[in-house]
Amino acid sequence: MDTWERLKIGTAVTGTALAFLVIHWITDLVFPETYAVKPGYKVADVSELQVDLASLQRSWPAGLSGQGGRANVRDFMSNIEKVSVPRSAETPPAVAAPEPQVDLATLLARADAAKGRQTAQVCTSCHSFDQGQDRIGPSLWGVVGRNVAADKAFTYSSAFAAQTGSWTYQRLDHYLTNPAKAVPGNKMGFAGLRRAEDRANVIAFLRTLSPSPVPLPKVVETSPQSRRSPPGSSG
Ligand code: HEC
């Protein structure tokens with residue numbers, strides 16, 4: 001290969017790279033990246049930070065590509081703890097209202113499996129409800145009453161593999177309230193269901209995913225009326 005040939009190849013390669021860069025630049029101009037102000041997804045009762053993306057964008061140091069842009073970014077990053085995240089005015093951050101304490105047995109007795117199926121849609125990004133269908137998470141078919149981490153075809157985290165016992169109603173309720181806290185180090189990337197009622201509905205739905213559903217826990221009457229001594233008894 002002589003020098004002339006090398007020069008030709010070199011020019012061709014550089015030219016192609018340049019062409020790509022120019023096309024990329026033009027595409028960016030024609031189709032600027034935009035951010036939706038409202039998320040396209042919205043899952044009821046799953047807590048998320050209410051961030052007004054539009055105003056976040058406006059307050060983002062402008063002109064990154066222009067003069068002084070880097071200094072702006074450096075400034076912004078070094079003060080990142082002090083930056084207040086703008087929150088949308090119309091949707092106040094969800095603050096968990098204090099829930100009246102109703103025991104799980106009562107909640108499950110009142111639960112609506114059909115509503116639970118709706119709420120459990122959030123689980124389907126990772127779980128299938130069909131037998132033997134593992135996804136990011138193990139199949140939830142027959143999970144109520146099943147031993148914890150018992151799906152042989154699924155590779156559980158060591159945190160989960162170390163668990164013993166089975167999924168009782170109580171344990172499911174505890175786990176689904178705050179998975180990360182209930183089983184530290186487990187790999188279910190899900191914040192949890194805040195409302196006890198939602199959890200009860202979801203668990204009631206999970207219960208149906210079995211040829212022989214585990215009996216619901218007995219409701220123990222603890223209401224003030226039932227604690228009153230029966231008529232006739234003194235003391
Ligand atoms: C982002 C993905 C994701 C979402 C959403 C999710 N899970 Fe999971 N889930 C996992 C993973 C991964 C595991 C396995 C955890 C491990 O091995 O540490 C798991 C494990 C479980 C287990 C234990 C199963 C067993 O065999 O012991 C239950 C029960 C469960 N999830 C229920 C739910 C329910 C109910 C929902 C919806 C309310 C849900 N998950 C939402 C990923 C998810």
Side-chain angles (χ1 to χ4, degrees), residues 43-48 93-124 126-131 137-152 154 156-157 159-235:
V43 182
D45 298 313
V46 173
S47 55
E48 55 180 65
V95 176
E99 279 180 29
Q101 289 296 313
V102 182
D103 73 294
L104 184 62
T106 309
L107 282 168
L108 284 172
R110 285 187 206 151
D112 183 339
K115 270 193 196 154
R117 174 191 285 272
Q118 295 281 315
T119 310
Q121 281 305 108
V122 297
C123 322
T124 60
C126 299
H127 290 285
S128 162
F129 299 126
D130 298 331
Q131 199 162 8
S139 159
L140 293 182
W141 167 264
V143 75
V144 180
R146 185 168 87 188
N147 275 352
V148 176
D151 184 341
K152 296 251 178 343
F154 184 80
Y156 292 93
S157 63
F160 241 102
Q163 299 278 311
T164 54
S166 62
W167 284 116
T168 60
Y169 288 111
Q170 195 69 51
R171 193 166 180 176
L172 271 172
D173 184 59
H174 179 62
Y175 179 57
L176 293 177
T177 307
N178 188 341
K181 207 167 139 198
V183 184
N186 89 97
K187 59 177 180 178
M188 170 152 135
F190 179 67
L193 297 167
R194 284 286 163 79
R195 292 182 56 216
E197 213 174 73
D198 288 344
R199 290 194 303 274
N201 289 344
V202 166
I203 294 169
F205 164 63
L206 292 177
R207 176 177 182 265
T208 65
L209 306 174
S210 163
S212 52
V214 179
L216 286 171
K218 282 225 168 64
V219 178
V220 185
E221 278 292 350
T222 53
S223 58
Q225 290 94 323
S226 65
R227 257 188 268 136
R228 236 188 277 142
S229 18
S233 71
S234 57

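All values below come from the heavy atoms of this structure, side chains included, with hydrogens, waters and symmetry mates left out. Residues: numbered from 1 along the sequence shown. Quick caveat: nothing in here was measured; it's all calculated off a predicted structure.
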Nearest 0.5 Å, please: how far is [atom2] in [Y] from [atom1] in [X]?
X	Y	atom1	atom2	answer
Y169	L206	OH	CG	9.5 Å
D112	D198	CG	CG	11.0 Å
R194	T177	CZ	OG1	10.0 Å
L108	I203	CG	CD1	6.0 Å
M188	L176	CE	CG	5.5 Å

**Q.** Whether N201 side chain and A111 backbone form a donor-acceptor pair below 3.5 Å
**A.**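 No.
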
Q.
Taking W141's backbone N and O only, do any of them form a donor-acceptor pair with R146's side chain (distance below 3.5 Å, no angle check)?
A.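 Between the backbone of W141 and the side chain of R146 there is a qualifying donor-acceptor contact (under 3.5 Å).
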
Considering only heavy atoms from C-beta outward, does the side chain of [X] approach that of [Y] to under 4.5 Å?
X	Y	value
V183	H174	no
F129	C123	yes
H127	S139	no
Y156	N186	no
R117	T208	no

Side chains of residues 210-220: which donor-acceptor partners sit under 3.5 Å, not counting sequence neighbours?
unit_1, atom_1, unit_2, atom_2, d
S210, OG, S212, N, 3.1
S210, OG, S212, O, 3.2

If I compare all heavy atoms of [X] with all of [Y], which pair ends up nearest, and what's the gap?
X	Y	result
L193	R199	O-NH1, 2.8 Å
P179	F190	CG-O, 3.4 Å
A159	P184	CB-O, 3.4 Å

Q. Would you say K115 has more than 12 foreign heavy atoms packed within less than 6.0 Å of its NZ?
A.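 At most 12 heavy atoms, drawn from other residues, nucleotides or ligands, come within 6.0 Å of this atom.
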
Q: Name all residues meeting the side chain to side chain contact (heavy atoms under 4.5 Å, CB included) criterion together with R171; count only those two or more places apart in sequence or in a different chain, and write none if there are none.
A: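 Result, side chain to side chain contact (heavy atoms under 4.5 Å, CB included) vs R171: V148, Q163, W167, T168.
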
